[in-house]
Amino acid sequence: MARYTGPMTKKSRRLGVDLVGGDAAFERRPYPPGMHGRARVKESEYRAQLQEKQKARISYGVLERQFYNYYVEASRRTGKTGDNLLELLECRLDNVVYRAGFARTRRHARQLVSHGHFLVNGKKVNIPSYQVSQYDVIDVREKSLEMTPFIVARETHGERVVPAWLEAVPSRMRILVHQRPVRAQIDVPVQEQLIVEFYSKK
């Protein structure tokens with residue numbers, strides 16, 4: 001699966017929000033990159049909608065086609081399309097690993113999942129986009145427990161707040177999915193209604 005591997009700080013500065021979390025370079029220069037970075041930009045409705053879409057897409061590490069597919073799936077489901085979209089993105093396995101504090105960033109979580117370090121309900125899953133469900137149990141494989149990333153995760157656990165819809169058990173390197181998240185439990189700086197408006201014009 002293709003993915004963006006370029007500098008995230010540049011994306012954060014372009015969109016005006018820290019997409020990584022704790023990005024010191026972004027904090028030093030919170031304005032767009034390039035020689036015209038501090039120039040005044042003409043605002044428009046389309047620009048605002050596009051910017052929100054890009055924030056969500058890049059935050060979760062998803063390319064355009066896949067992101068649009070999530071939107072299509074979200075629009076098919078009952079309820080608010082924007083809420084459904086964020087729920088689908090949050091329930092990606094790589095995001096769950098990140099949210100539980102077992103990886104530093106979503107990129108790091110994606111790499112750990114791709115390398116086959118996780119079991120979902122006892123079965124190895126190496127697909128970052130795998131959708132977790134209520135009552136799923138996610139474990140680090142026994143062979144992987146003493147690898148450096150997981151030793152560090154155990155030692156530093158508690159530095160990040162785990163959302164209420166998940167439970168992390170660092171002593172066993174286990175994640176319990178109590179439910180699929182609702183919008184109030186999804187902490188991303190995105191106005192999802194603008195994303196819906198962006199795609200509804202297509």
Side-chain angles (χ1 to χ4, degrees), residues 1-12 17-27 55-63 66-67 70 85-182 184-190:
M1 175 63 73
R3 65 193 189 282
Y4 175 74
T5 57
M8 287 298 288
T9 296
K10 188 177 283 189
K11 295 286 186 185
S12 296
V17 61
D18 183 358
L19 299 171
V20 178
D23 188 342
F26 171 76
E27 290 170 11
K55 274 186 205 174
R57 189 178 68 74
I58 295 166
S59 290
Y60 287 98
V62 178
L63 293 185
Q66 191 178 15
F67 191 83
Y70 280 127
L85 174 62
L86 290 181
E87 180 194 317
L88 286 166
L89 292 166
E90 277 291 302
C91 286
R92 287 171 55 96
L93 179 56
D94 57 356
N95 181 72
V96 169
V97 168
Y98 165 71
R99 289 290 194 200
F102 289 5
R104 299 184 309 276
T105 63
R106 286 189 182 90
R107 270 189 174 184
H108 184 216
R110 182 188 182 114
Q111 184 183 53
L112 293 175
V113 173
S114 296
H115 289 178
H117 296 305
F118 289 91
L119 305 174
V120 179
N121 302 326
K123 295 182 179 179
K124 188 171 92 167
V125 177
N126 60 1
I127 301 168
S129 60
Y130 176 89
Q131 286 283 303
V132 303
S133 302
Q134 188 176 21
Y135 307 129
D136 276 353
V137 177
I138 301 156
D139 290 299
V140 175
R141 283 200 320 160
E142 195 171 341
K143 288 181 180 178
S144 306
L145 283 171
E146 296 310 312
M147 290 179 61
T148 301
F150 300 116
I151 293 172
V152 171
R154 281 197 295 275
E155 291 174 350
T156 60
H157 202 270
E159 293 180 3
R160 192 185 313 140
V161 177
V162 178
W165 59 282
L166 295 174
E167 181 184 344
V169 187
S171 60
R172 298 182 64 181
M173 291 307 284
R174 169 172 284 183
I175 306 165
L176 307 173
V177 182
H178 293 311
Q179 63 180 73
R180 287 177 72 91
V182 296
Q185 297 171 315
I186 301 174
D187 180 23
V188 289
V190 168

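Here, residue 1 is the first one in the sequence, and each next residue gets the next number. Since this is a predicted model, take the numbers as computed values, not measurements.
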Any side-chain heavy-atom pair of [X] and [Y] under 4.5 Å:
X: Ser59; Y: Val188; value: no
X: Tyr60; Y: Asp94; value: no
X: Arg57; Y: Leu63; value: yes
X: Phe118; Y: Leu112; value: yes
X: Leu85; Y: Tyr70; value: yes
X: Ile138; Y: Leu93; value: yes
X: Val132; Y: Val120; value: no
X: Val113; Y: Tyr98; value: no

Answer yes when Arg154 and Glu146 have at least one side-chain N-carboxylate O distance shorter than 4.0 Å, and no when they do not.
yes

Identify the heavy atoms of [X] and [Y] that sit nearest to each other, and give their distance.
X: Asp136; Y: Ser133; result: OD2-N, 2.7 Å
X: Ala100; Y: Val162; result: O-CG2, 3.8 Å
X: His117; Y: Ser144; result: ND1-OG, 2.8 Å
X: Ala168; Y: Phe102; result: CB-CE1, 4.3 Å

Is the side chain of Arg106 donor-acceptor paired with the backbone N or O of Gly61 at a distance under 3.5 Å, no angle test?
no

To the nearest 0.5 Å, what is the distance between [atom1] ([X]) and [atom2] ([Y])?
X: Leu119; Y: Met173; atom1: CG; atom2: CE; value: 12.5 Å
X: Leu176; Y: Asp139; atom1: CG; atom2: CG; value: 8.5 Å
X: Leu89; Y: Asn95; atom1: CG; atom2: CG; value: 8.0 Å
X: Arg92; Y: Glu87; atom1: CZ; atom2: CD; value: 14.5 Å

With a 6.0 Å cut-off (strictly less than), is the heavy-atom count around CD of Gln134, excluding the residue itself, greater than 12?
yes

Answer yes or no for Arg141 and Phe150: cation-pi contact, defined as NZ/CZ to six-membered ring centre under 6.0 Å and angle to ring axis within 45°.
no

Please walk me through it: do Ile58 and Phe67 pass side-chain contact (heavy atoms from CB on, under 4.5 Å)?
CA-CA 10 Å; Ile58 295 166; Phe67 191 83; over 6 Å; no

Which one of Gln131, Arg99, Gln185, Arg180 satisfies the side-chain hydrogen bond (donor to acceptor under 3.5 Å, both in side chains) criterion with Glu90?
Arg99

